[in-house]
Amino acid sequence: MKTNVIQLIQNKASELTESQRKVADYIIKNAMDVAFLTVDQLAGLVGTSTTTIMRMAFKLGFSGYAEFQKELQELLRNRVDPQTRLQVNLKEIDESDLLVRCAEKQIENIRSTMDLIDSETLNKMMDMICSANQIYCLGARTSKPVAQFLNHGFNRLFGNSHLANEDEWPEKATDFSPSDLVIVISFPRYSSKMINMARVAKQNNAKIISITDGYSSPLVGYTDLLLPCSYQSIAFHNSIIGPMFIADYLISAIAINYSDKTKERFKSIEPIITDLGYHYLD
């Protein structure tokens with residue numbers, strides 16, 4: 001699992017010089033402020049030289065202060081409580097262009113997600129979905145809409161998907177087989193329930209796909225296939241646009257690539273929908 005920048009400082013403290021440890025101690029105690037200080041400002045506050053700070057960054061494995069600071073900013077955005085995350089984002093936002101910034105951030109999420117996932121991984125995921133006996137979609141809080149969307153799409157395509165309810169999970173898990181598939185969606189701050197449910201699913205021999213932020217996610221230890229997605233927002237929350245984009249792609253790609261199978265199912269469902277009067281007819 002990838003070590004975050006604060007843990008890295010703590011782990012490497014014994015290798016730093018006395019003046020570098022002074023900088024490291026200030027960073028740990030004032031991470032919020034340091035995330036947006038220039039190297040000159042930080043040097044002035046700590047009472048040291050910019051050279052000391054640069055050498056500390058090199059010793060920690062970064063190319064320089066700028067890369068170190070970027071990692072610190074990402075840690076604050078991704079791992080802290082919503083109030084702190086909002087406070088970090090407010091330092092960079094101009095309230096006059098919120099709509100534009102929000103749109104740009106979501107476009108960036110989609111592009112970043114596309115960069116994180118290769119076509120081979122997506123094809124493997126489609127194969128796992130289409131060959132599964134039963135599919136279980138798991139998501140909590142902001143991730144739940146993605147699980148709901150996947151579950152609805154898979155049921156329209158195959159009719160074998162379930163939106164997993166944690167209250168019923170122990171009973172369902174006992175019936176898992178290697179031909180069943182569990183899809184878990186969770187992003188920082190990760191849901192402990194989702195992690196524990198993934199662990200139980202793995203113990204009961206189900207295949208697991210994780211839609212999460214990357215290979216530092218605690219879901220990695222239980223995952224057969226991982227789909228990393230970008231989830232940044234301009235405020236305090238996790239955006240679902242990146243993972244929802246992947247969910248929509250999977251449903252669309254399966255419908256197209258397995259069209260013979262899906263067309264037959266749609267043909268059998270349509271008379272029932274019509275008979276039940278689901279759609280408004282003028």
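Side-chain atoms are counted along with the backbone in the values below, which use heavy atoms only and exclude waters and symmetry mates.
Between Val182 and Ile209, the closest side-chain pair of non-hydrogen atoms is not below 4.5 Å. The shortest side-chain heavy-atom distance between Ile27 and Val5 does not fall under the 4.5 Å cut-off. A 4.5 Å side-chain heavy-atom check between Thr212 and Cys229 finds every atom pair outside the cut-off. Between Ile211 and Met125, some side-chain heavy-atom pair lies under the 4.5 Å cut-off. Contact of the Leu138 side chain with the Ile185 side chain is not registered, since no non-hydrogen atoms from C-beta on lie closer than 4.5 Å. The shortest distance between side-chain heavy atoms of Leu72 and Val34 falls below 4.5 Å. Counting only heavy atoms from C-beta outward, the side chains of Trp169 and Asn196 never approach each other to under 4.5 Å. Counting heavy atoms from C-beta on, the side chains of Tyr249 and Leu122 come closer than 4.5 Å.
In plain terms, the two heavy atoms of Leu8 and Leu60 that are nearest each other are CD2-O, 3.2 Å. Closest approach of Asp180 to Gln134, counting heavy atoms only: OD1-N, 3.1 Å. A pairwise comparison of heavy atoms in Ala198 and Tyr222 identifies O-CB, 4.0 Å as the closest pair. Taking all atoms of both residues into account, the shortest heavy-atom contact from Asn160 to Ala132 is ND2-O, 3.3 Å. The two residues Ala24 and Leu16 have their closest heavy-atom pair at CB-CD1, 3.9 Å. Taking each heavy atom of Lys207 and Met128 in turn, the nearest pair found is CB-CE, 4.0 Å.
Within 6.0 Å of CZ in Arg199 there are more than 12 heavy atoms belonging to other residues, nucleotides or ligands.
Under the side-chain contact (heavy atoms from CB on, under 4.5 Å) test applied with Thr52, the options Lys22, Gln20, Glu18 reduce to a single match, Gln20.
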| field | Chi angles and distances behind the side-chain hydrogen bond (donor to acceptor under 3.5 Å, both in side chains) call for Ser112, Glu108 | value | CA-CA 6 Å; Ser112 297; Glu108 180 185 325; 4.8 Å; no
| request: Walk me through it: do Glu120 and Asn123 pass the test side-chain hydrogen bond (donor to acceptor under 3.5 Å, both in side chains)? | output: CA-CA 5 Å; Glu120 182 180 355; Asn123 288 336; over 6 Å; no
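By the rule that hydrophobic residues join a cluster once side-chain heavy atoms approach within less than 4.5 Å of another member, Met114 and Ile107 end up as members of separate clusters.
Residues Ser239 and Gln106 bring a donor and an acceptor atom of their side chains to less than 3.5 Å of each other.
At distances below 3.5 Å, at least one donor-acceptor pair connects side-chain atoms of Asp224 with backbone N or O atoms of Ile208. Put simply, the side chain of Thr223 never gets that close to the backbone of Leu226: no donor and acceptor are under 3.5 Å apart. The backbone N or O of Asp213 sits nowhere less than 3.5 Å from a side-chain atom of Ser217 that would complete a donor-acceptor pair.
A salt bridge links Lys29 and Asp25; the closest N-O separation between the charged side-chain nitrogens and carboxylate oxygens is under 4.0 Å.
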Review item, side-chain donor-acceptor pairs of residues 143-152, under 3.5 Å, at least two apart:
| residue | atom | partner | partner atom | Å |
| --- | --- | --- | --- | --- |
| Asn151 | OD1 | Ser161 | OG | 2.9 |
| Asn151 | OD1 | His162 | N | 3.0 |
| Asn151 | OD1 | Leu163 | N | 3.2 |

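Leu45 meets the side-chain contact (heavy atoms from CB on, under 4.5 Å) test with Tyr26, Leu37; sequence neighbours excluded. Residues that satisfy the side-chain contact (heavy atoms from CB on, under 4.5 Å) test with Thr121, not counting sequence neighbours, are Ile117, Asp118, Leu225, Leu227.
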